[in-house]
Amino acid sequence: MEEFNIILMADDDADDRFLVQAAFEDNDIHHEMMFFEDGEQLLEHLNATPIEGKTRFILLDLNMPKKDGREVLRALKSDKMLSKIPVIVFSTSKAPDDILSSYELGANSYVVKPSSYEHLKEVVKKISDFWLNTAITP
Amino acid sequence: MENLRQHPTYMNISPERHFLKRSLSEEQLSWAIRFLFGISVFLIVILSISYHSINQELIFYSEKVDHTHEVLDNVQDIRTRLYQVTYYGRGYLVMIDSVNRRNMLERLASVPHRIDYLSELTQDSPTQHAKVDSLRHYFALYEKSVVNFGMSDPAKLDLSSKLTLLRNGTSKTENLNEILDRIASVENKLMQERIISRDNYKQQIFRFNWVIMGVALAFLLCSFLLLERELKRTKGYRIELENQVENLNRSNAELEQFAYVASHDLQEPLRKIRSFADLLKTKNKDNLTEESKQIVGKIIKSASRMQLLIDDLLAFSRSIDSPREIEQVDLNDILRDVRANIKGKMQEHNADIRSDTLPTVTGYGNQLTQLFENILSNSLKYCKPGLCPEIVITSSEISGSSIAGIRESQLEDIFHQIVIKDNGIGFRNEYAEKIFVIFQRLHGQDDYQGSGIGLAICRKVVANHNGYIMADGEEGKGARFYIYLPQNSSTV
């Protein structure tokens, strides 16, 4: 089971990547994490790696250069194998349109980026608890 | 022209000024048009009356002319008969036969009827009538002598007596003919005069009618031009209005854009400030001095406050926009939902909310929920310490004219008046307007939390429903909020 524990995150904001990584560490969740600066990098990685089953979940920002979160979602959910990976949209936006369209595109969850580190830690813990320990994925 | 095209503002302003300079007020214009139409109608009536009178007059003159012709015909007839009497009389004198005698007497006997008829015809003219009388008089003399002649036997007369008889007869007939001539000539003269005066009258009346028709047409033309100008002006206003609507739509779109920027781009750095300050506090807990920790705490607090303000600003900007779908909203359902939403706060304060049966209004359910929730939350928040909040909601109907500061167009509308009264800390009445202004607060941040957006949103929501919201309060006793929502759905 050990090798199936990679968590992917695509976010163009280095600060957010840093904070999320810090939150995982502070929660003592020591899974392998891979970070991408845009949707294109993420898709390139997933397409180049045949062992898609290794990825436990993807944290996906919506607004990114090159390929944004929506395009990534569309690409992932139209791929037979990649569509099995849970995608958690992780965005600043609270706009109902963004939330609705994300779910319509097949997002498994939508989480608004918390506005404090304390809250972020909590959210990261909850996400990990659920997607790593509670939910059963294919 | 090329330059003008490049300056749309010039193109817009110029016709506007042109209109303002020349235009009458709406009232004046309406009266002017009424006046012009009134005058035109009046003139047309005069024209019709005038034509009618011409007709009557022409008929009158034609009758007169016919009458004259009849008189003349009759005069001619009498003349002929007298001539025949003379003719047959001479025949009798020469041939002494009964046929000539009978014919003479017959013709003679037929004349008085003619004279009577002539007398009848000339009754309208005393001078002519007098002439007919004298005709009758001379005819009587003539008749007498002719009858005497008829009774006599001409065979017994000698030549000189016959000649005397002939001379006398001729002279009497000439007398009569002279009178007849005079009657005829007067009648002819009368006819000439009548024809001339008829023609004059006709000419005059036609001239008069042309003038009246011209004036009426001029007035009609004036009112047409006024109407046309008014139509053009209205068109100008409509175009201006359309432009303004377009501008409004644009500024609304810009506002939405602003809200988006506020929600994303402004919140992003703020979130970072909070998060990194947090991180600093937790990760470097042991390295920070007490003072540093306090400073970091202040950074976090300020950032949180700003976060709240931005969130509220966003909520406010969302309330500006009215959604497309209008529905029938039962305010009792809304109140039930709001009670559920604030259940926690109600239990916390041990609050009691009592309400009349509320009306159903046409509007936006979500916004009305927010309206009631904001006001009720407000009442709970500003409750008097140590006193259980009591909120009473009453509903009634009220005419627009009894609402202060209402728009003129709504004066006659009927409104639902919903009054929400609490027993909280209240406020001084001089702040009754201030509390609805965005980010205006009557209390310090440390006493009561919040950004001061709740009632501003309420005012926005009510405005979206073409309604009004007002408040009055008494410090230490409580506040009352008055919500007026129009009853007529078409006004939303």
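Order of the sequence lines sets the chain letters (A, B, ...), proteins ahead of strands, with each chain counted from 1. Quick caveat: nothing in here was measured; it's all calculated off a predicted structure.
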Trainee: Yes or no on side chain to side chain contact (heavy atoms under 4.5 Å, CB included) for A:H119 and B:D278, after CA distance, side-chain angles and deciding distance?
Mentor: CA-CA 10 Å; A:H119 192 192; B:D278 258 351; over 6 Å; no
Trainee: Between A:L19 and chain B, with a heavy-atom cut-off of 4.5 Å, which part of the residue counts as in contact: side chain, backbone, both or neither?
Mentor: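 Contact with chain B is through the side chain of A:L19 alone.
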Trainee: Counting only non-hydrogen atoms closer than 4.5 Å, does A:K113 touch chain B with its backbone (N, CA, C, O), its side chain (CB onward), both, or neither?
Mentor: both
Trainee: Tell me yes or no: between the side chains of A:S115 and B:R274, is some donor less than 3.5 Å from an acceptor?
Mentor: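 The answer is yes; a qualifying pair exists.
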Trainee: OG1/A:T92 to CD/B:E268 distance, rounded to the nearest 0.5 angstrom?
Mentor: 4.0 Å
Trainee: Please check if atom CE in A:M33 has more than 12 non-hydrogen atoms from other residues, nucleotides or ligands closer than 6.0 Å.
Mentor: yes
Trainee: With a sphere of 6.0 Å drawn around CD of B:E291, does it hold more than 12 non-hydrogen atoms of other residues, nucleotides or ligands?
Mentor: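 For B:E291, atom CD is not crowded (no more than 12 foreign heavy atoms under 6.0 Å).
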Trainee: Determine, for B:K272 against A:D13, whether the closest basic-nitrogen to carboxylate-oxygen distance falls under 4.0 angstrom.
Mentor: yes
Trainee: Please determine whether the number of non-hydrogen atoms from other residues, nucleotides or ligands lying under 6.0 Å from atom NZ of B:K293 exceeds 12.
Mentor: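 Buried by this count: over 12 neighbours within 6.0 Å.
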Trainee: So with a 6.0 Å cut-off around NZ of A:K125, is the heavy-atom count from everything else above 12?
Mentor: no
Trainee: Roughly how far, to the nearest 0.5 Å, is the NZ atom of B:K283 from the CG atom of A:D26?
Mentor: 4.0 Å
Trainee: Supply the atom-to-atom distance B:S275 OG to A:D15 CG, rounded to the nearest 0.5 angstrom.
Mentor: 9.0 Å
Trainee: Atom CG of B:L279 and atom CZ of A:F18: how far apart are they, to the nearest 0.5 Å?
Mentor: 5.5 Å
